[in-house]
Amino acid sequence: MANIVELKIKPDFTKHYKNKFPLILKDAITNPGTLSEEGKIVHLVDQHGQFFAKGYYGKQNKGLGWILSFNENEKIDTVFFKHKIRTAFNKRQSYYNDENTNAFRVFNGEGDGIGGLTIDYFAGYYVISWYSKGIYSFKDKVIRVLDELVDYKAIYEKKRFDTKGQYLDDDDFVKGERGEFPIIVKENGINYAVHLNDGAMVGIFLDQRGVRKAIRDKYAKGKNVLNTFSYTGAFSVAAALGGAAKTTSVDLAGRSKSKTIEQFAVNGIDYEQQDIIVMDVFDYFKYAKRKELKFDFVVLDPPSFARSKKHTFSTAKDYPALIQDTLAITEKNGIIVASTNNASFGMKKFKEFINKGFNGMKYKVLEEFSLPADFQVNRNFNQGNYLKVVVVQKLS
Ligand code: SAH
């Protein structure tokens with residue numbers, strides 16, 4: 001036991017850990033100074049030294065690491081990792097067997113028992129995301145487990161730590177045979193071009209799968225669609241395939257244009273019939289208002305926090321204003337898909353933001369989405385259940 005660090009839990013926080021809260025909170029520990037090297041196994045104990053849980057030290061947002069086990073005798077070794085990862089993969093069997101979808105999450109951090117680690121599957125390729133140096137120190141074990149459990153074309157990794165807000169790695173290849181990118185993955189029959197070795201983001205956010213399907217199958221037909229914060233235009237592609245009369249994609253990032261063209265092209269859609277605009281969304285709202293443009297269907301999926309030259313946008317503060325701007329260019333009976341991945345508030349609060357944005361105007365909630373089943377959540381950790389999507393219809 002000599003090299004195991006004991007972290008003492010403040011009395012106020014013992015309830016958290018008795019209730020199996022998985023994150024080691026900085027504020028919960030009386031002696032964080034004893035922590036030295038990330039990746040070290042730590043024991044959480046009460047003020048009398050009574051064992052609560054064991055985990056690893058790894059700095060990530062407000063946490064100092066994640067709980068791995070509430071059993072004092074469980075060893076954190078390759079067998080441990082194998083058990084967790086195999087259990088997670090087994091839960092995704094229906095995804096592996098789905099002929100129309102070959103891009104999904106196979107391991108979702110604390111939801112699958114190991115916080116700070118996610119693994120995504122893209123048509124034979126695996127992408128591991130490491131959210132701290134601490135979890136990265138277990139890399140050999142995780143790779144060995146993948147080797148034992150699955151066949152793959154290649155493994156790539158995303159080191160989402162010590163980047164000071166920027167993604168610095170220029171080669172994310174780990175092992176196997178290097179892919180030629182883009183690879184084309186399928187999602188409910190839609191093609192998406194994916195780049196696994198081109199920065200932190202690969203071209204598609206898998207957690208919005210259900211929303212894309214609903215847009216294609218239920219909402220898009222005949223509609224004039226505006227997709228704001230459009231990134232690679234994944235929602236626009238779903239809308240176009242669902243029979244939208246036209247889509248307009250707006251994103252500030254210069255490269256969003258070629259990426260969006262690529263997504264249309266791999267689905268055989270003539271991108272010249274679609275509008276792809278590189279612009280600040282807030283400027284676009286003004287432009288559209290001036291030109292008296294109106295849309296029947298608008299997707300709002302801003303980042304939790306964004307700073308452009310002219311605007312700072314925070315979902316927690318500015319969502320009502322975003323809805324208000326949108327309403328000004330939405331047709332009567334138009335539909336708005338309001339989405340956020342901000343973990344700092346829940347669905348109830350999000351609906352209050354939407355309600356505030358409507359400012360007395362009548363509307364109806366048509367449908368709600370949260371994370372899909374492959375993004376397994378830990379029921380003792382609400383923040384992990386971050387995705388909130390509300391489909392609302394303006395009634396006037
Ligand atoms: N809805 C997208 C994901 C959005 S990611 C999808 O489902 O694929 C957030 C995007 O917002 C990024 O591409 C970023 O470039 C863009 N963005 C951030 N601030 C913006 C702004 N003020 N105006 C337009 N785009 C912005």
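In each ligand, atom 1 is the first atom listed, and ligand 1 is the first ligand listed.
Ionic pairing of R178 and D171 is present here: one or more N-O contacts between side-chain nitrogen and carboxylate oxygen are shorter than 4.0 angstrom. Salt bridge annotation for K158-D172: present, with a cationic side-chain nitrogen under 4.0 angstrom from a carboxylate oxygen. Using a cut-off of 4.0 Å between Lys/Arg side-chain N and Asp/Glu carboxylate O, K259 and E262 are scored as not salt-bridged. Salt-bridge formation is detected for the pair D147/K175: a Lys NZ or Arg NE/NH1/NH2 atom is positioned less than 4.0 Å from an Asp or Glu carboxylate oxygen.
Short contacts between ligand 1 and A306, defined as distances under 4.0 Å to a heavy atom of the residue, involve ligand atoms 18 (C), 19 (N). Atoms of ligand 1 found under 4.0 Å from any heavy atom of V281, numbered from 1 in the order shown, are 21 (C), 23 (N), 24 (C). Residue M279 has at least one heavy-atom neighbour below 4.0 Å for each of these atoms of ligand 1: 23 (N), 24 (C).
Of the candidates S339, S230, P303, S304, it is P303 that places a heavy atom closest to atom 18 (C) of ligand 1. The nearest non-hydrogen atom to atom 7 (O) of ligand 1, considering only F229, F235, F205, comes from F235. Taking only non-hydrogen atoms, the option from N227, D251, L206 nearest to atom 10 (C) of ligand 1 is D251.
Residues I24 and L44 meet the side-chain proximity criterion, which asks for heavy atoms closer than 4.5 Å.
Under 4.0 angstrom from ligand 1, there are no non-hydrogen atoms of F313.
Geometrically, R212 engages Y192 in a cation-pi contact, judged by NZ or CZ lying under 6.0 Å from the ring centre and within 45° of the ring axis.
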